Undergrad: 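I'd like to ask some things about the structure below.
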Amino acid sequence: MATYPSAKFMECLQYAALKHRQQRRMDPQETPYVNHVINVSTILSVEACITDEGVLMAALLHDVVEDTDASFEDVEKLFGPDVCGLVREVTDDKSLEKQERKRLQIENAAKSSCRAKLIKLADKLDNLRDLQVNTPTGWTQERREQYFIWAKKVVDNLRGTNANLELKLDEIFRQRGLL
């Protein structure tokens, strides 16, 4: 029997598209940013076999507070406290310096809920897949390689969450000589 996305999921997808509509990825093609959040949710659904709609919706919204004018209050009002709590868990504090945010991602990864860890794994997998084929505009090769090293440290603190995603990430790390 086929299953279909709920109306709430589709509203969430539309909200993410609206909020990220002006943003572009830093790849040479300047891919619409919304593709990334759709990829993260799709990775969870298709590759990790996640059916938890709250997780799939939070994946669509994982960057909306961090990178747009949306607030946690907006997310909670529109999509409820469960989705908002997950978004809050995976959102970096942009008031902190970039290196501190990166350090905290490594440190806090192990303390995250299992549901938030799933989103973080899928986010890293999508970002690393993109980095395998594209060097972001303005990045040096060294910065690109440092991202792989940093991402592995984050992923190492997310282990034991989803074998499928971890195997796919490990293949990328193996190709980069990090395993």
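Treat the numbers as computed from the prediction; the structure is a model and nothing was measured.
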Undergrad: To the nearest 0.5 Å, tell me how far Asn39 CG sits from Thr31 OG1.
TA: 9.5 Å

Undergrad: Taking a hydrophobic cluster as the set of Ile, Leu, Val, Met, Phe, Trp and Tyr residues connected by side-chain heavy atoms closer than 4.5 Å, whether directly or through intermediates, do Leu179 and Phe148 fall within one such cluster?
TA: yes

Undergrad: Determine the sole option in Arg159, Lys124, Lys152 for which the salt bridge (Lys or Arg N to Asp or Glu O under 4.0 Å) test with Asp170 is passed.
TA: Arg159

Undergrad: In the structure I gave you, are the side-chain heavy atoms of Thr161 and Leu118 within less than 4.5 Å of one another anywhere?
TA: yes

Undergrad: Distance from Ile38 atom CD1 to Ile43 atom CD1, nearest 0.5 Å?
TA: 12.0 Å

Undergrad: If you measure from CD1 on Ile172 to CG on Leu125, what distance do you get to the nearest 0.5 Å?
TA: 5.0 Å

Undergrad: Consider only side-chain heavy atoms of I, L, V, M, F, W and Y, link residues closer than 4.5 Å, and tell whether Leu96 and Phe72 are in one cluster.
TA: no

Undergrad: Assess whether side-chain contact (heavy atoms from CB on, under 4.5 Å) is satisfied between Ser41 and Leu56, documenting all intermediate values.
TA: CA-CA 5 Å; Ser41 191; Leu56 299 175; 3.7 Å; yes

Undergrad: Is any side-chain N of the basic residue among Lys120 and Glu166 closer than 4.0 Å to the acidic one's carboxylate O?
TA: no

Undergrad: Let me check something: do Met10 and Val34 share a hydrophobic cluster, defined by ILVMFWY side-chain heavy atoms less than 4.5 Å apart, either directly or through other members?
TA: yes

Undergrad: Taking 4.0 angstrom as the limit, do Lys168 and Asp126 come out as a salt bridge?
TA: no

Undergrad: Would a 4.5 Å heavy-atom cut-off, applied to side chains only, mark Ile149 and Lys153 as touching?
TA: yes

Undergrad: Of all the heavy-atom pairs spanning Gly54 and Leu86, show the shortest one and how long it is.
TA: O-CD1, 3.8 Å

Undergrad: Hey, could you give me the NE2/OG1 distance between His62 and Thr91, rounded to the nearest 0.5 Å?
TA: 8.5 Å

Undergrad: Determine the minimum heavy-atom distance between His20 and Tyr33, stating which atoms define it.
TA: ND1-CD2, 3.5 Å

Undergrad: Would you name the heavy atoms of Arg21 and Arg24 that are closest together and state the gap between them?
TA: O-NH1, 4.4 Å

Undergrad: Could you tell me if the side chain of Lys98 sits less than 4.5 Å from the side chain of Arg101, heavy atoms only?
TA: yes

Undergrad: Could you give me the CA-CA distance, side-chain angles and deciding distance for His36 and Asp130, then say whether side-chain hydrogen bond (donor to acceptor under 3.5 Å, both in side chains) is met?
TA: CA-CA 10 Å; His36 167 65; Asp130 190 39; over 6 Å; no

Undergrad: Could you walk me through whether Glu107 and Arg103 pass the salt bridge (charged side-chain N to carboxylate O under 4.0 Å, His left out) test, one step at a time?
TA: CA-CA 6 Å; Glu107 184 180 303; Arg103 185 190 71 76; 2.5 Å; yes

Undergrad: Is there a side-chain contact between Leu158 and Val154 in this structure, where contact means two heavy atoms from C-beta onward sitting under 4.5 Å apart?
TA: yes

Undergrad: In Å and rounded to the nearest 0.5 Å, what is the CD to CZ distance from Glu53 to Phe9?
TA: 7.0 Å

Undergrad: Go through the steps to decide whether Gln146 and Arg143 satisfy the test side-chain hydrogen bond (donor to acceptor under 3.5 Å, both in side chains), and finish with yes or no.
TA: CA-CA 5 Å; Gln146 287 302 313; Arg143 181 174 176 190; over 6 Å; no

Undergrad: Between the side chains of Arg115 and Glu89, is the shortest nitrogen-to-carboxylate-oxygen separation below 4.0 Å, so that they form an ion pair?
TA: no

Undergrad: Which pair of heavy atoms, one from Pro81 and one from Glu76, lies closest together, and at what distance?
TA: CB-OE2, 3.6 Å

Undergrad: Given 3.5 Å as the limit, does a donor-acceptor pair link the side chain of Arg144 with the main chain of Leu131, or not?
TA: yes

Undergrad: Using every non-hydrogen atom in the two residues, find where Ala70 and Tyr15 come nearest and quote the distance to one decimal.
TA: CB-OH, 3.3 Å

Undergrad: Take atom NZ in Lys8; do more than 12 heavy atoms of anything else shown fall under 6.0 Å from it?
TA: yes

Undergrad: Go through Gln141 and Glu145 one step at a time and tell me if the side-chain hydrogen bond (donor to acceptor under 3.5 Å, both in side chains) criterion holds.
TA: CA-CA 6 Å; Gln141 284 301 326; Glu145 289 308 311; over 6 Å; no

Undergrad: Do any N or O atoms from the side chain of Asp27 and from the backbone of Glu30 form a donor-acceptor pair under 3.5 angstrom?
TA: yes

Undergrad: Report the C-alpha separation of Arg129 and Glu47 in whole Å, then their side-chain angles, then the decisive distance to 0.1 Å, and conclude whether the salt bridge (charged side-chain N to carboxylate O under 4.0 Å, His left out) test is met.
TA: CA-CA 14 Å; Arg129 283 176 172 166; Glu47 298 180 58; 2.7 Å; yes

Undergrad: Are side-chain heavy atoms of Asn134 and Arg25 found at a separation under 4.5 Å?
TA: no

Undergrad: When rounded to the nearest 0.5 angstrom, what distance separates CG in Asn164 from CG in Leu121?
TA: 11.0 Å

Undergrad: Does atom CD of Glu97 have more than 12 heavy-atom neighbours from other groups under 6.0 Å away?
TA: yes

Undergrad: Within a 6.0 Å radius of atom CD on Gln23, are there more than 12 heavy atoms belonging to other residues, nucleotides or ligands?
TA: yes

Undergrad: Run Asp74 and Ser71 through side-chain hydrogen bond (donor to acceptor under 3.5 Å, both in side chains) and show every step you take.
TA: CA-CA 5 Å; Asp74 297 334; Ser71 67; 3.2 Å; yes

Undergrad: Do the side chains of Leu78 and Cys84 get nearer than 4.5 Å, heavy atoms only?
TA: no

Undergrad: If you look at every heavy atom in Ile119 and Ala59, which pair is closest and at what distance?
TA: CD1-N, 4.0 Å

Undergrad: Quick test of your reading of the model: are Asp67 and Lys19 salt-bridged, counting only N-O distances below 4.0 Å?
TA: no

Undergrad: Determine whether Met26 and Leu128 fall in the same hydrophobic cluster, where Ile, Leu, Val, Met, Phe, Trp and Tyr are linked whenever their side-chain heavy atoms lie under 4.5 Å apart.
TA: yes

Undergrad: Could you point out which residue of Val87, Asp92, Val90, Leu61 forms a side chain to side chain contact (heavy atoms under 4.5 Å, CB included) with Glu66?
TA: Asp92

Undergrad: Kindly assign one of parallel, tilted or perpendicular to the pair Tyr147 and Trp139, based on the angle between their ring planes and the thresholds 30° and 60°.
TA: tilted

